[in-house]
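Here's the structure we're looking at; comments come further down.
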Amino acid sequence: MDLRYKELIYCKGVGPKKAATLKKELNINTALDLLYQFPYKYIDRSRFITIRDIDGEDEYVQIIGTVSSLVTVGSGKTKRLTAVFTDRLGDTIELVWFKGIQYLKIETGVPYILFGKPSLYNHSVNIVHPDLERIVSHEQLKERKGLEPHYNTSERMKSGALNDKSMRTIIRGLMPDLREGVPDTLPEAFRNKMHLLSLTDALLNIHFPLDQRMLQKARERLKFEELFYIQLQILRQAKRQQLTSNGFLMPIVGKHFNDFYHNHLPFPLTGAQKRVVKEIRSDLVSGNQMNRLLQGDVGSGKTLVALLCALLAADNHYQTCIMAPTEILANQHYQTLSEMLSGTGVTVRLLTGSTTQRERRELLPTLLEGSIEILIGTHALIEDNVQFANLGLVIVDEQHRFGVAQRAKLWAKNVQPPHVLVMTATPIPRTLAMTVYGDLSVSVIDELPPGRRPVRTLHYSNQRRQQIDNFIEQQVQKGRQIYVVYPLIEQKEKKKNKEDAEVEKKQLADLVSGYERICRRFPDYNVSMVHGKMRPKDKDLHMQLFAEGKTQILVATTVIEVGVNVPNASVMIIENADHFGLSQLHQLRGRVGRGAEQSYCVLLTDFQLSKDTRKRMDIMVATNDGFRIAEADLQLRGPGDLEGTQQSGLPFELHIASLATDGQILEVARQAAKDVLEDDPELTKPENRLFETQLSKLKKQTVNWGDIS
Ligand code: ADP
Ligand code: MG
């Protein structure tokens, strides 16, 4: 029977009720769908031990022996059944049941296979709700071939009698049909070349593996396939786009660029900056539209690269806009660039939400007429009435804060889409760069400007506050400035639910009381406070006071996370550091270490920490390398959680492969996809027809497929 067409109700062990539950809970319609519910773990049932072997190492144990002393104790809610299990060496262990006692049929004095999780209770080991299987023949013991699959089930499935065990029974029932074979989703020749199992063998072994090695091979095949089709889709899409979308040609390296480079450059470029400018320039003369992601750790000097690119565009009579996620950052870019460009004759202007109508009335026509070369701003740039004479380059800073839709609106501001450079300081692990951003070219600034001293990171429990205060005092006396950061979720009004609102209220209270405490503790210093709930005017005022060195301590939320540059601030104290993600902590830390002084980042947490939190703090203390931190973040949290890089950015869903752990398979899959497309870009050759069929099938199953760029 072809499992693709076998309906659930015809599967052994599935009645109409279970079929309905499976459809509702897992969107499963056929026997083949059921086979794509992969086990989340396997338990080795080939191993038997004795009671004295129980050492707390094994999660599950399997013992042969007999049952005696069945007793029901207690009543009502505390009613339970206990028994004694004796193995062949005469050792005993207690068994306990709390539920379903009336259905248990246990005989004493006959051999059983006991299977269960030992737990410690009142200083002795017992097993709660063990599995007991009567041994009726010797065959039974021999048949136990190792790895038993276990399946995830939801609460609703469990209440519909679809627990782990019944899933296993149902899927086991499909094995005879499966052995007859299912049509493969990868061409045979390709499979052989890549040394992959057939789909049939992979499915057989993912559920009931012959041994560890076959399980490994089954996993590899299924993971490879998922990652391969994602790569095939992304790379084909990128190739098509390259062929169809023309890019503005910017071949001239002219007056603006040369004058700046030779007469105004404040410092020599780092090797990495030079390389990246070259990479970008090769895009600008290629005739194709550039879609490039520029990754560079905080402080690596992305702004200067952006400026040089804007000057190249200006030399070719194109305008550039630089979009930043916050007003503070846009202002700062504007100031930096205006200073660097003073005396060069290049016009740079600023447009944000705070730009007055009067200023706009003057600015917008000038922009349309073409005498502004560089326009810096926030999302105010996206508004329809912002029109350029000839927009040729769009630079988006800190890309993860902008949605795809917002960026798309910028593309539309010229007859032909402008070149796009997306800059991010959140390093994106390679696996994500190849998938979620698979259609972008990637440049990396992997070198910090010379003379930087790495920030020293310390992790303290907040019981040592006095010590921290003394440290602050000592640093301020040396003339340094201090950031003190508090976590504060600042959700948009619309999305806020009651719980979040409560948390936000409490966090705001923490911040304010922290501020008050610092004011009391340091009466001789000036202290600023900045958070998202303040009026933008007050916020800017306090940022400004701190930037100018008029206040020594800035108590703030993560509004300072992005981009802010105060070189004299050399200490970053992060309160409740465990409430921040790793990438966020790294971003925050990047605010210090910008001057010549030794800088410090102090992570404060409770004394008691979970294992995960401790790991995160340890990583922060151990390394300043943003890429290592991003990798660790991916390992700890899984890719779904990474800010702005949700799985929803993938063309097809992943069921078995993981971007956190399957980097190697991904590399191989990507290369294989490249090779296939190199040889047959439109997949029209007969041996590649299956690829095409499979891609369209996957696309049909996936709703949200939009271009990512
Ligand atoms: P980010 O990549 O985080 O945006 P910035 O562009 O803000 O980094 O640069 C960080 C600091 O490094 C700035 O003060 C900038 O002037 C300085 N800088 C950038 N490039 C160089 C260089 N090649 N040599 C020395 N300092 C540099
Ligand atoms: Mg920056």
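Every number for a ligand or one of its atoms is a count from 1 in the order of the listing. All values below were derived from every heavy atom in this structure, side-chain atoms included, with hydrogens, water molecules and symmetry-related copies excluded. For clarity, every value in this text was computed on a predicted model and none was experimentally measured. One is the number of the first residue; the rest follow in order along the sequence.
- Formation of a donor-acceptor pair under 3.5 Å by the D315 side chain with backbone atoms of F257 is found in this model.
- Residue contact check: T303 has heavy atoms under 4.0 Å from atoms 4 (O), 5 (P), 6 (O), 7 (O) of ligand 1.
- When the heavy atoms of S300, A272, G301 are ranked by distance to atom 9 (O) of ligand 1, first place goes to G301.
- Using modelled atom types and a 3.5 Å distance limit, the side chains of E597 and S570 yield no donor-acceptor pair.
- Although no hydrogens or angles enter the test, the distance criterion places a donor-acceptor pair under 3.5 Å between the side chain of Q481 and the main chain of F546.
- Using a 4.0 Å cut-off to heavy atoms of L269, the atoms of ligand 1 that qualify are 23 (N).
- Neither the backbone nor the side chain of M423 comes within 4.0 Å of ligand 1, counting heavy atoms alone.
- Looking only at atom types and distance, the side chain of N288 has no donor-acceptor partner in the side chain of D283 under 3.5 Å away.
- Near P449, with a cut-off below 4.0 Å to any heavy atom, the atoms of ligand 1 are 18 (N), 21 (C), 22 (C), 24 (N), 25 (C), 26 (N), 27 (C).
- Between L375 and the options T366, L350, V386, I322, a side chain to side chain contact (heavy atoms under 4.5 Å, CB included) holds for only V386.
- There is no side-chain donor-acceptor pair under 3.5 Å between H542 and T551.
- Considering backbone and side-chain N/O atoms, G296 never comes within less than 3.5 Å of an N/O atom of ligand 1.
- Contact annotation for T270 and ligand 1: heavy atoms of both the backbone and the side chain come within less than 4.0 Å of the ligand.
- The structure places CG of L304 at 9.5 Å from SG of C309, a figure rounded to the nearest 0.5 Å.
- Interface atoms of ligand 1 facing R594, defined by a heavy-atom separation under 4.0 Å, are 3 (O), 7 (O).
- Contact annotation: A425 has no heavy atom less than 4.0 Å from any atom of ligand 1.
- Geometrically, ligand 1 and P450 share no nitrogen or oxygen pair separated by less than 3.5 Å.
- With hydrogens and angles ignored, the 3.5 Å screen pairs a side-chain donor or acceptor of H419 with a backbone N or O of F248.
- When K302, Q273, E447 are checked for heavy-atom proximity to atom 2 (O) of ligand 1, K302 turns out nearest.
- Taking CE of M617 as the start and CG of D612 as the end, the distance is 10.5 Å to the nearest 0.5 Å.
- Put simply, no part of E339 is less than 4.0 Å from ligand 1, judged by heavy atoms.
- Contacts between P268 and ligand 1, counted as non-hydrogen atom pairs separated by less than 4.0 Å, involve the backbone only.
- Close approach of ligand 1 to R452 is summarised as follows: ligand atoms under 4.0 Å from at least one heavy atom of the residue are 10 (C), 11 (C), 12 (O), 17 (C).
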